[in-house]
Engineer: 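Take this structure, written in structure tokens, and hold onto it; I'll ask about it next.
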Protein chains: 2
Amino acid sequence: MGDIAVIGRSLASAENGERPLFHRIREDIIDGRLEAGTRLVVADLARRYDSSSNPVREALHQLQGEGFVVISQNRGARVRPVGEHFARDIYDIRALIEPYMIRWFTANATTAQISEMEKIQNEIEQLDGDHEAYRELNERFHSVSYAGHFNREAVDMEERYREILFMLNKRYQLTRGRWAECIQEHRGIVTAIKARDAEAAAAMTERHVHGACRHLIDHIRVARASEQAAK
Amino acid sequence: MGDIAVIGRSLASAENGERPLFHRIREDIIDGRLEAGTRLVVADLARRYDSSSNPVREALHQLQGEGFVVISQNRGARVRPVGEHFARDIYDIRALIEPYMIRWFTANATTAQISEMEKIQNEIEQLDGDHEAYRELNERFHSVSYAGHFNREAVDMEERYREILFMLNKRYQLTRGRWAECIQEHRGIVTAIKARDAEAAAAMTERHVHGACRHLIDHIRVARASEQAAK
DNA sequence: TTGTCAAGGATTGTACGTAATCTATATGAA
DNA sequence: TTCATATAGATTACGTACAATCCTTGACAA
């Protein structure tokens, strides 16, 4: 038995790519395969990822540093529980960072970048209710403006927050109303950037973030209310 | 090379209290006992803190998650090198977060909190060039307004950044001019808060952050210039 | 119901073998 | 000589196995 297991593992680890364990766990958290609040037992994870305990422990600690995991003394790790509070806190911060980044982008964007944005926005508008595709394109739309920003620290932070909110939003459907608002706001951002009007772009971006925040929190409240009613 | 191990013992088991290893390394980084850029060799750290390799590795990974340490594949860890770029990036972010926090504080502060701030400010003004004491009181002055803020995420972030900048600023002396500016700005903040004028408080805070940024960057540039000249 | 205690399970810390990287010395050609 | 390259040795990080400690859970008795 041991022999087979060993051979199996060596093949697996040879093939399971150079991708660090850390990233794989992180992705599984973000994509919801490891839900918020679930216990992360080291031995289980080691089996699951065809690895051993030490790498898992290190990955968990790093994820704790980044805020995706909570570890308590002698009690193990859990995926960070995220609720209404936390969502609002993060959106508040994004409402400060994003306008800041857009302001710089508006002043420094190349025409190629701007037309890239416009192209993605057009694709979004031709979408017909496909939420999955929307999320994908929306990510790309926004990442155009962040990718090249000089403030790497802000970029990293923004990316972390986007990932966390991504995993939260995945649970809920975009309402028709919010969908329309998003398109309006995106258009506003694009036209402001084309006009090189940094303040307008910033203002519209702030509105966009606040709208997303309200939308998510409404969903969370509705979900909790119906949960309560079920009892 | 083995510089870490040598300095080690003195601090190490002085009282290797129940404090988690993670915090002890972190403090040593912030207080400058482990300078930016120095290699962090696992075996040395294990000796230094009277521990063994696994706990050290986990602590390093967590610190990487928080941004204090940089780890590269098979090459070990270093204390994060911090330079002019990084400082400016962080100050830019603080210039967004701090006004946001002060705005809420201005609206929600108790009179006890406000008089606490005033008291600390008075102590600062009676100081006579004692930089060490100034740093201490300055920390306390600002932490009054953050400690109670509802946005825990922002508080944590702010704290991390403050610690990083603290370790950077420690290298340089406050110029007389900047000292005077700080007192002015602090006064402005206090009076704005007392008047419950959130916008004024926010504006003054932003100015305070930008001033601190300029001051630090000037120092860094001067230091680098004189380093260049030495060659 | 409440409190105590024992068993099981998970985390935490230690030791060791292996693999990768870095350094210094030596060898070769320009 | 001087520079570049190659190689051997030392150093360090990485992964596995194991022991010890702590927490949790469930049963049993008061």
Side-chain angles (χ1 to χ4, degrees), chain A residues 1-26 29 34-35 37-65 68-81, chain B residues 1-9 12-13 15-26 29 34 37-65 68-81:
Chain A
M1 168 188 166
D3 300 331
I4 297 175
V6 170
I7 295 171
R9 190 165 41 66
S10 61
L11 287 175
S13 66
E15 192 198 328
N16 77 15
E18 311 313 310
R19 205 165 174 68
L21 186 56
F22 164 71
H23 277 115
R24 301 178 59 202
I25 298 180
R26 188 180 148 122
I29 292 175
L34 293 172
E35 282 182 28
T38 51
R39 272 201 82 190
L40 297 171
V41 178
V42 174
D44 293 346
L45 293 177
R47 250 184 316 239
R48 171 171 179 160
Y49 295 103
D50 262 328
S51 178
S52 74
S53 67
N54 230 348
V56 171
R57 280 155 62 174
E58 283 160 19
L60 290 181
H61 278 273
Q62 186 164 347
L63 287 167
Q64 172 173 45
F68 289 97
V69 161
V70 182
I71 300 178
S72 32
Q73 227 11 311
N74 292 321
R75 287 190 196 184
R78 316 185 82 92
V79 179
R80 171 168 205 154
Chain B
M1 229 186 100
D3 36 324
I4 297 175
V6 177
I7 308 171
R9 295 301 287 186
S13 50
E15 48 159 295
N16 79 28
E18 310 315 311
R19 212 168 166 65
L21 186 55
F22 163 71
H23 278 115
R24 302 179 57 203
I25 297 180
R26 187 178 147 124
I29 291 176
L34 294 172
T38 51
R39 276 199 73 189
L40 296 170
V41 178
V42 175
D44 292 345
L45 292 177
R47 256 189 309 264
R48 170 173 177 162
Y49 296 103
D50 257 331
S51 179
S52 73
S53 68
N54 235 345
V56 171
R57 278 156 62 176
E58 283 161 19
L60 291 181
H61 277 273
Q62 187 165 347
L63 287 167
Q64 160 155 321
F68 289 96
V69 160
V70 182
I71 301 178
S72 33
Q73 268 302 4
N74 293 321
R75 284 193 204 179
R78 315 184 83 92
V79 179
R80 169 167 207 156

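Order of the sequence lines fixes the chain letters, A, B, ..., with proteins taken first and strands second; residue numbering starts at 1 for each chain. What you are looking at is a predicted structure, and each value in this text was computed from that prediction instead of being measured.
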Engineer: Could you tell me the separation between the CZ atom of A/F22 and the P atom of D/dG15, rounded to a whole number of Å?
Structural biologist: 15 Å

Engineer: Please tell me which of B/A43 and B/N54 maps to the more 5' nucleotide of DNA chain D, matching each residue to the nucleotide holding its nearest heavy atom.
Structural biologist: B/A43

Engineer: On DNA chain D, compare the nucleotides closest to A/R75 and B/V42; which residue's is nearer the 5' end?
Structural biologist: B/V42

Engineer: In this structure, how many angstroms lie between the P atom of D/dA13 and the CG atom of B/D44, rounded?
Structural biologist: 8 Å

Engineer: Can you figure out which of C/dA10, D/dG15, D/dT12 approaches the side chain of B/V41 most closely?
Structural biologist: D/dT12

Engineer: Just the rounded figure in Å: distance from P of C/dT12 to CG of B/D50.
Structural biologist: 20 Å

Engineer: For the residue pair A/L45 and A/L60, establish whether any side-chain heavy-atom pair is separated by less than 4.5 Å.
Structural biologist: yes

Engineer: Whole Å only: how far is the CZ atom of A/R47 from the C1' atom of C/dG9?
Structural biologist: 12 Å

Engineer: Take atom OH of B/Y49 and atom P of C/dT14, then tell me their distance rounded to the nearest Å.
Structural biologist: 16 Å

Engineer: What does B/I71 touch in the nucleic acid at a heavy-atom separation under 4.0 angstrom: a base, only the sugar-phosphate, or nothing?
Structural biologist: nothing

Engineer: Can you find a donor-acceptor N/O pair under 3.5 angstrom joining the side chain of A/R57 to the base of D/dG15?
Structural biologist: no

Engineer: Under a 4.5 Å cut-off applied to non-hydrogen side-chain atoms, are B/I29 and B/V69 in contact?
Structural biologist: yes

Engineer: With DNA chain C as reference, determine whether A/L40 or B/S53 sits nearer its 5' end, using the nearest nucleotide of each.
Structural biologist: A/L40

Engineer: What is the separation between atom CG on B/N74 and atom P on D/dA10, rounded to the nearest whole Å?
Structural biologist: 21 Å

Engineer: Between B/R80 and B/V70, is there a donor-acceptor pair closer than 3.5 Å when you use the side chain of the first and the backbone of the second?
Structural biologist: no

Engineer: Determine whether B/N54 and A/E58 make a side-chain contact, defined as any pair of heavy atoms from C-beta on separated by less than 4.5 Å.
Structural biologist: yes

Engineer: Please state how far atom CD in B/Q73 lies from atom P in C/dC22, giving the value in whole angstrom units.
Structural biologist: 12 Å

Engineer: If you count heavy atoms of other groups shown closer than 6.0 angstrom to CZ of A/R48, is the number above 12?
Structural biologist: yes

Engineer: Starting from P on C/dT11, measure out to CG on A/L60 and report it in whole angstrom.
Structural biologist: 9 Å

